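Every number for a ligand or one of its atoms is a count from 1 in the order of the listing. Just so you know, these numbers come straight off a predicted model, no measurement behind them.
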Amino acid sequence: METMERFGFTEEEKMLQQTVRRLAREKIAPGAAQRDIDGEFPYDMLEIMKENGLMGIDFPAEYGGMEAGLLSLCIVIEEFAKVDAATAMMPSTQELGSLPIILAGSNAQKGKYLEPLSSGEKLAAFALTESRGGSDVAALKTRAVRKGDKYILNGSKVFITNGGVADILTVYAVTNPEEKSHRAASVFVIEKGWPGFTVGKKESKMGIRSSDTRELIFDNVEIPVENRLGNEGDGFHIMMKTLDFTRPAVAAQAVGIAQGAFEYATQYAKERESFGKPIIKHQAVGVKLADMAMKIAAARTLLFRTCDLLQAHAKRDLSRLAPEVIRYSSMSKAFCSDVAMWVTTEAVQILGGYGYMTEYPVERFMRDAKITQIYEGANEIQRMVITSTL
Ligand code: COS
């Protein structure tokens, strides 16, 4: 049976939303179009995140985080994504890259790594996907071989967000190939600058262009044994549980993108006239806007409900979440991102020729929306996960 823990924001969450909404409007929106053109990692935006304590929103208070919960993280991501989906990835990538440490790290590992990550002084990355794909996690090939008190890491990862800017990376590698595939891998914390660890060129992407996406190459990288998270063989479970908690962050990014495009298209439809009246008065346009409003509201409601469920079951260990909770995580990711893609495409349609021009923001929203259907588990995978819990 489903249970409803709560519905609605606490006073703190309302205040957080107001604060980040203002920050997004005043500090993040103005340079968003130029950052999309430049495609460079925006360190000035990182400074804004750090000044406002937003890099460690859901990090444990014990290690300098705000410990404000997943819903708070999603509130922040939505507000930023309304104006700039790439900047919105800063707190979410920090959470994704660090959650394996929060879930499976020893006190010593947490003590060493989490504080500089919560403050944003150091950046994190989550290194799972390889060139043969990111969906079939159990088939990944990067290898870590134990030699005394070290592991020797060889292989490569692709499409890693923050790959070129991260200081601390959580890396998935096979340690026990003789075990069955879901017990064959482990997760390690590695640091920028370690001998043998290099990064490829920055990828040029369709959307979220200012985020840093790269290949990672490991050539005999020596990892001290104390940098393994959990036990040998825990890797698959660590990464799956991390994704259970971070897929709603992608959903939040998608809802923000959809809302941003919707608001722009609505304003445009009220001002632009054809056949002697504002185009919103033409049913063909008005009905599109009504459908956009409905789908966004449904998406956001599903997202908030998912955050409630995950927060109520948030145990910072490796125990598996209830099937219903895993289902909601995947449902929110797939549904919100599909809505974002549909809404942004319709927003471009409403603006007509102007929608196709880079001078207007809706084509950027449309390009940014696409990745939310692909990363952190393609929407086809989310539907497999949903089915598996039924
Ligand atoms: N949390 C904890 N454990 C999990 C889990 C979860 N969410 N999902 C599966 N497991 C465990 C299962 O309990 C099972 O454990 P035992 O072997 O002890 O019984 C094991 O993992 C295997 O589960 P399953 O058979 O379902 O695994 P599959 O290999 O069939 O793969 C999918 C499952 C496809 C769901 C998984 O590989 C996946 O999510 N892939 C997408 C990954 C992704 O998001 N990639 C994007 C790039 S990273 S940004």
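Of all the heavy atoms of Leu318, none lies under 4.0 Å from any atom of ligand 1, so neither backbone nor side chain is involved. At a heavy-atom cutoff of 4.0 Å, ligand 1 is contacted by both the backbone and the side chain of Glu376. Of all the heavy atoms of Arg183, none lies under 4.0 Å from any atom of ligand 1, so neither backbone nor side chain is involved. Contacts of Ile326 with ligand 1, taken as heavy-atom pairs under 4.0 Å, involve the side chain alone.
Residue contacts with ligand 1: Ile381 is placed with no nitrogen or oxygen under 3.5 Å of a nitrogen or oxygen of the ligand (distance criterion only). Annotation: Phe126 places no N or O atom under 3.5 Å from an N or O atom of ligand 1; distance criterion only.
Near Leu128, meaning under 4.0 Å from any of its heavy atoms, are these atoms of ligand 1: 48 (S). Close approach of ligand 1 to Val385 (heavy-atom distance below 4.0 Å) involves ligand atoms 35 (C).
Residues Tyr113 and Asn227 have side chains that bring a donor and an acceptor to within less than 3.5 angstrom of each other. Side-chain contact annotation: Glu263 with Gln267, donor-acceptor N/O pair under 3.5 Å absent. For the residue pair Thr246/Glu95, the side-chain donor-acceptor check at 3.5 Å is not satisfied.
Checking Lys157, Arg320, Glu130, Gln382 against atom 13 (O) of ligand 1, the nearest heavy atom belongs to Arg320. Counting heavy atoms only, His182 comes closest to atom 22 (C) of ligand 1 of the residues His182, Met239, His237.
Using a 4.0 angstrom heavy-atom cutoff, Ser135 counts as in contact with ligand 1. Between Tyr375 and ligand 1 there is no heavy-atom distance shorter than 4.0 Å. Within the 4.0 Å heavy-atom cutoff, Arg247 counts among the residues contacting ligand 1.
Lys50 approaches Gly120 most closely through the heavy-atom pair CD-O, 3.5 Å.
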